[in-house]
Amino acid sequence: MKKIKNLIKVAIDSPAAAGAGTQAKLISEHYNLLHLDTGRVYRYIANIKITEVKKFNYKYLRKKISKLKIKDLQNKRLLSDKVATIASLVAKDKKIRKIVYKFQLKCAYNPPKKYAGSCLDGRDICSVIMPDADIKLFITASVKTRAMRRYKELRAKNNYVDYREVLKSIKKRDKNDINRRISPLKKTKDSILLNTSNLSIRRCFLKIKKIIDRKIAN
Ligand code: C5P
């Protein structure tokens, strides 16, 4: 694949609900970058597994992902905890990761011309998808903080949720994502660690902005 030169490339990895998606969105708006929340692609596949049981096979997925548009990933159904749990299971499948890989590369290295670059967030972005990114971040927070944030988010959407259930589900996903054999979640040596447990969204954004501005200036 031909890679467009002189793009600003930002790669972010994080465990579930650490606030990486929010930061990636803010950064992308600020620097005019194409934003891809890569977890949404695995959620999109999980949703197919749930709703199109009989059609679910690699060939069908390949076809669906080849036609995928970022706006298809905005579907609210993808936000449920059930979809998230199935997503972390389908994400262990080597063939599925290969299908998703191509889509991610296109977004990372060939964003539409109107963008100054790309910003991808997920689990294996710094290690596998964009190892040559200009800015690499590992955003995390304590598991209780992450569970509380996700709990409040779901409550705000009027969903019935039990905090303990949310905590359990996040711990289970962490376990799946960290311990899987292929593309596990891990901090690469060259990425900058940001613990957001005691940081507001704004303060976290300003920290990241400082890192990016410094990098762009050099
Ligand atoms: O980030 P989000 O919680 O939406 O991701 C859903 C699931 O997709 C994760 O728990 C993880 O298993 C999987 N995922 C992945 N690699 C990525 C992004 C997400 O395996 N780059």
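As the structure lists them, so they are numbered: ligands from 1, and atoms in each ligand from 1.
Taking distance alone, with nitrogen or oxygen atoms compared against 3.5 Å, Asp37 stays at or beyond that limit from ligand 1. Between Asp177 and ligand 1, at least one N/O pair is under 3.5 Å apart. Looking at Arg97 next to ligand 1, an N or O pair under 3.5 Å apart turns up. Of the N or O atoms in Gln104, none lie within a sub-3.5 Å distance of an N or O in ligand 1.
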Could you please spell out the steps behind the salt bridge (charged side-chain N to carboxylate O under 4.0 Å, His left out) verdict for Asp213 and Lys209? CA-CA 6 Å; Asp213 286 345; Lys209 186 176 167 299; 3.0 Å; yes
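Arg173 NH1, 3.4 Å is the protein heavy atom nearest to atom 6 (C) of ligand 1. Among protein heavy atoms, atom 4 (O) of ligand 1 sits closest to Arg43 NE, 2.6 Å. Counting protein heavy atoms only, atom 17 (C) of ligand 1 is closest to Arg123 N, 3.3 Å. Here the heavy atom of the protein found nearest to atom 18 (C) of ligand 1 is Thr38 OG1, 3.3 Å. Of the protein's non-hydrogen atoms, the one nearest atom 8 (O) of ligand 1 is Tyr42 CB, 3.5 Å. Regarding atom 19 (C) of ligand 1, its nearest protein heavy-atom neighbour is Gly39 CA, 3.5 Å.
Interface of Ser88 with ligand 1, defined as ligand atoms under 4.0 Å from a residue heavy atom, comprises 10 (O), 12 (O). Every atom of ligand 1 with a heavy atom of Ala91 under 4.0 Å away is listed here by number and element: 12 (O), 13 (C), 20 (O).
Ion pairing of Lys95 with Asp93 is absent here, as no side-chain N (NZ or NE/NH1/NH2) approaches a carboxylate O to less than 4.0 Å. The pair Asp177-Arg123 meets the salt-bridge criterion, with a side-chain N (NZ, NE, NH1 or NH2) lying under 4.0 Å from an Asp/Glu carboxylate O. Salt-bridge annotation for Arg146 and Asp174: present, with a side-chain N of the basic residue lying under 4.0 Å from a carboxylate O of the acidic one.
Qualifying ring pair (Phe, Tyr, Trp, His ring centres under 6.0 Å) partners for Phe205, counting only residues two or more places apart in sequence or in other chains: His30.
Assignment of Asn176 to the shell around ligand 1 is not supported, since no heavy atom sits closer than 4.0 Å.
Residues Asn195 and Thr140 have side chains that never bring a donor and an acceptor to within less than 3.5 angstrom of each other. When only modelled atom types and interatomic distance are considered, Tyr101 and Asp124 share no side-chain donor-acceptor pair under 3.5 Å.
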Please tabulate, for the side chains in residues 41-50, all donor-acceptor contacts under 3.5 angstrom to protein atoms that are two or more places apart in sequence or on a different chain.
residue, atom, partner, partner atom, Å
Tyr42, OH, Arg97, NH2, 3.3
Arg43, NH1, Leu78, O, 2.7
Asn47, OD1, Arg77, NE, 3.2
Asn47, OD1, Arg77, NH2, 3.4

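Heavy atoms of Arg150 found under 4.0 angstrom from ligand 1: none, in either backbone or side chain.
Note that the NZ atom of Lys94 and the OG atom of Ser183 stand 10.0 Å from one another [nearest 0.5 Å].
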